[in-house]
There are 2 protein chains.
Amino acid sequence: MALEHAILVSLLEKPGSGYELARRFERSIGYFWTATHQQIYRVLKRMETDGWVAAREVPQQGRPDKKEYSVADLGQAALSSWLHEPIEPESVRHDLAVKIRGAAFDDPAALVREVERHRQVHTDRLAHYLAGEERDFPGEYPAGAGVEPDAERELQHVVLRGGIAYERMMIAWLDDVLTTLRRFGPGR
Amino acid sequence: MALEHAILVSLLEKPGSGYELARRFERSIGYFWTATHQQIYRVLKRMETDGWVAAREVPQQGRPDKKEYSVADLGQAALSSWLHEPIEPESVRHDLAVKIRGAAFDDPAALVREVERHRQVHTDRLAHYLAGEERDFPGEYPAGAGVEPDAERELQHVVLRGGIAYERMMIAWLDDVLTTLRRFGPGR
DNA sequence: AGGGCCATGTAATAGGTTACATGATTGC
DNA sequence: GCAATCATGTAACCTATTACATGGCCCT
């Protein structure tokens, strides 16, 4: 119950078309909330009907025209009231944890490759986050250094630091998993 | 596409009724995969029709009879083939991260309470995990000590260690978030 | 000529949530 | 007497995924 809100945040950061939003949901905001273009177009249409966002036709040369959406007053209000709600206890879905527990009833060693593959994905993501941090927040430290604070920037940065901490934790844990799995020889 | 598999793993660890499964999904396996009783009964019925699980009527005194489910050969095979699939890139849904980025367009300081509440939830979960670890895996170390390995036990333990690492990471990150939010005075 | 990107959608299906429903027993 | 726990389900609705569909431009 919050794709709408993720879209509002993304459009406040920068107005854009459904297509552009779909691309953002493949990177940036998409690391914290996934959505496909089909979903986005559907929700965007409803949000327009409800007056949360306003569309502006932007003619383009050499490309199809696009509808650039931006947040309307009603959308801003909807976001604000969502931010003030105390809800959501985070529902989790860790396929890999289920697989690891399931491996006890199959062949634990057969999971090694799969876990290694996941480890690689997390290593790549970490590298990607760190590169983004160097690019967008160079020379900044968590505690700031007397510079006047820019909420949008700093909050984006703290979320990014969360992503970095998550990837580091995952890599360390997956190493633990690999050590554990390797204690069980193949073909058991 | 894996509630079935989570149920199979849980039933392999210990056969049980739909009700009992629903309770397990509130703790233990539920920390990695959430499901309500309605969902479980529906899926369990389908799994029975498909021959993945077998039900046994267990008469009880002082309580309604229950159907105890256990994994059938077809279910075991289905689990095995799922374990050998290389899939799933983990779809994420971090409401809080979206909220934090959204707070830049509202009142960052108003989020402090919400984040503190989340921090408390994670602190409680960590304490709960650590208590479970002391109870179920006393005196064990990640690298074992020459004892013969029991796959089911050790894999449960490594998953639990993942939960512990996750909660610790979250607590540290939420502290970082709080420090950042507090840099923006109230009523901005 | 073919593949990839830009741009927007519809349709069918699967999965998940919320609300409603029933009924017995145990403990306060 | 009332609430909680055990036990099982149905129905309606909302969300999300997968497949299908179109069409022009740009680059190799």
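We use all heavy atoms of the structure for the numbers below, so side chains are in, but hydrogens, waters and symmetry mates are not. Proteins get letters first, then strands, A, B, ... in listed order; numbering begins at 1 in each.
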Trace of the salt bridge (charged side-chain N to carboxylate O under 4.0 Å, His left out) decision for Glu116(B) with Arg182(B)
CA-CA 12 Å; Glu116(B) 280 171 343; Arg182(B) 289 196 175 112; 2.6 Å; yes
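Using a 4.0 Å cut-off on heavy atoms, the residues of residues 13-23 of chain B that approach DNA chain D are Ser17(B), Gly18(B), Tyr19(B), Arg23(B), listed by number.
In terms of position on DNA chain C, the residue among Asp65(A) and Lys45(A) whose nearest nucleotide sits closer to the 5' end is Asp65(A).
Evaluation of the side chain to side chain contact (heavy atoms under 4.5 Å, CB included) rule for Arg93(A) yields Trp33(B), Thr34(B) as partners, not counting sequence neighbours. Residues passing the side chain to side chain contact (heavy atoms under 4.5 Å, CB included) test with Ala110(B) are His84(A), Asp107(B), sequence neighbours excluded.
Regarding Asp95(A), its CG atom lies at a distance of 13 Å from the P atom of dG15(C), rounded to whole Å.
In this structure, Arg161(B) does not pair ionically with Glu133(B), as no charged nitrogen and carboxylate oxygen lie closer than 4.0 Å. Under 4.0 Å is where a charged nitrogen must lie from a carboxylate oxygen, and between Lys67(B) and Glu57(B) no such pair does.
We find the OG1-CD distance between Thr180(A) and Gln156(B) to be 13.0 Å, quoted to the nearest 0.5 Å.
Residues Ser17(A) and Arg56(A) form no side-chain contact, since every pair of their non-hydrogen atoms from C-beta on lies 4.5 Å or further apart. Contact of the Met47(A) side chain with the Leu8(A) side chain is registered, since non-hydrogen atoms from C-beta on lie closer than 4.5 Å. Looking at Phe25(B) and Gln39(B), their side chains never come closer than 4.5 Å, going by heavy atoms from C-beta outward. The shortest distance between side-chain heavy atoms of Tyr166(A) and Met169(B) falls below 4.5 Å. Ser70(A) is not listed as a side-chain neighbour of Leu11(A), based on a closest heavy-atom distance of 4.5 Å or more.
Neither OP1 nor OP2 of dG9(D) sits under 4.0 Å from any side-chain N or O of Tyr41(B). Considering only side-chain N and O atoms, Lys67(B) lies under 4.0 angstrom from the phosphate OP1 or OP2 of dG9(D). Residue Gln60(B) has a polar side-chain atom (N or O) positioned under 4.0 Å from OP1 or OP2 of dA7(D).
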Review item, nucleotides 2-4 of chain C N/O atoms under 3.5 Å of protein N/O:
none

Polar atom pairs between nucleotides 18-20 of chain D and protein, under 3.5 Å, N or O only, would you list them?
| residue | atom | partner | partner atom | Å |
| --- | --- | --- | --- | --- |
| dA19(D) | N6 | Gln38(A) | NE2 | 2.8 |

Write down the protein N/O and nucleotide N/O pairs, taken from nucleotides 26-28 of chain C, whose separation is under 3.5 Å; answer none if there are no such pairs.
none

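Side-chain N/O atoms of Arg153(A) and His157(A) include no donor and acceptor closer than 3.5 Å.
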